[in-house]
Peer 1: 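Dumping the structure here so I can ask a few things about it.
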Amino acid sequence: MLIAQLTDLHIAAGRRLAYRKVDTAGALEKAIDHVMALVPRPDVVLFTGDIGDLGTAEEYALVGEILAKLTIPYFMVPGNHDRRGPLRAAFPHATPVANGAGFVNYVVDDFPLRLIALDTLDEGRAGGILLPAQLDWLQRVLSDGTDRDCAIFMHHPPFRTGIAHMDAQNLGAGADELARIVAEHRDTIRAVFCGHIHRPIHTIWSGVPVMVGPSVAHQVALDLRADGPSAFVMEPPGLHLHVWDANAKSLTTHLSYIGRYDGPHPFFGPDGKLIV
Ligand SMILES: [Fe+2]
Ligand SMILES: [Fe+2]
């Protein structure tokens with residue numbers, strides 16, 4: 001089973017440039033072309049939030065136009081730049097609500113790996129939150145007796161990445177309880193897929209791998225200083241390809257760059273001289 005994870009689209013209405021520089025609509029078009037050209041083709045696409053930039057119906061209409069080319073089943077969770085109402089109105093099939101409390105928490109059981117969507121959006125705030133009702137719902141899903149191998153996908157990472165200005169707005173309230181639940185079910189939770197940081201980042205947290213996907217548009221600068229300022233960079237955009245081998249019970253994550261990078265690529269010998 002092949003899962004493509006696309007995250008942090010930040011689509012603006014009227015194809016407005018993000019930060020007056022980044023053509024996020026064009027970046028999403030390239031990302032979708034990239035996914036559709038992959039061989040083998042992914043079985044499912046997960047969008048891990050920040051689909052829009054302000055969370056308006058106009059933004060999601062543009063996303064819908066671009067996603068018309070995506071003929072692979074896809075699912076979404078909201079990020080801090082989204083709003084549940086307009087997102088769900090535009091993509092009801094991709095944001096089913098299972099727990100009746102209005103959150104975009106749901107389970108997809110159509111594939112060899114069970115997919116569990118967790119909605120960490122705290123509308124109006126950059127940081128993420130999981131309320132007790134959502135954590136109770138997750139506990140019930142994980143304890144339903146099916147014992148299915150699963151992956152959780154959500155926008156805000158639950159761990160500290162070392163990029164301080166982003167860590168200040170990661171998953172806040174509910175993170176400790178989530179850590180407890182995940183540790184309790186670490187034999188069936190194969191991975192947690194996140195977005196929000198706009199960089200590929202990997203760790204082990206609560207006994208399971210957690211992977212943050214790169215943005216399909218712009219990346220956050222790699223700056224590990226405690227007082228590093230908020231900054232974005234135009235490194236090559238990318239997406240994560242997660243390969244689930246049900247027989248081996250193994251999950252492997254690959255970073256797939258979007259676009260062609262033919263070089264020149266300089267190589268340096270042991271003496272530090274350029275090899276041509
Ligand atoms: Fe984002
Ligand atoms: Fe975000």
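Whatever order the structure lists them in is the order used to number ligands and atoms, beginning at 1. Position 1 is the first residue of the sequence; numbering continues from there.
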Peer 1: Taking the basic N atoms (NZ, or NE/NH1/NH2) and the acidic carboxylate oxygens, is any pair closer than 4.0 Å for Arg199 and Glu235?
Peer 2: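 Salt bridge between Arg199 and Glu235, a charged N being under 4.0 Å from a carboxylate O: yes.
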
Peer 1: Strictly by modelled atom types, are His156 and Asn170 linked by a side-chain donor-acceptor pair under 3.5 Å?
Peer 2: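 No, because no side-chain N or O of His156 sits under 3.5 Å from a partner of the opposite role on Asn170.
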
Peer 1: Examine His240 together with His202 and report whether their ring centres are nearer than 6.0 Å.
Peer 2: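 They qualify: ring centres under 6.0 Å apart.
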
Peer 1: Hey, are Ser256 and His34 close enough side-chain-wise for a donor-acceptor pair under 3.5 Å?
Peer 2: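 His34 vs Ser256: donor-acceptor pair found between side chains.
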
Peer 1: Step through it carefully: locate the ring centre of Tyr19, locate the ring centre of His218, and say whether they are under 6.0 Å apart.
Peer 2: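 Yes, close enough.
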
Peer 1: Give me the protein N, O or S atoms that fall under 2.8 Å of the Fe ion (ligand 2), sorted by chain and residue number.
Peer 2: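 For the Fe ion (ligand 2), the protein N, O and S atoms that sit under 2.8 Å away are Asp50 OD2, Asn80 OD1, His155 NE2, His196 ND1.
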
Peer 1: Can you check whether Asp33 reaches Lys69 side chain to side chain, under 4.5 Å on heavy atoms?
Peer 2: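 They are in side-chain contact.
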
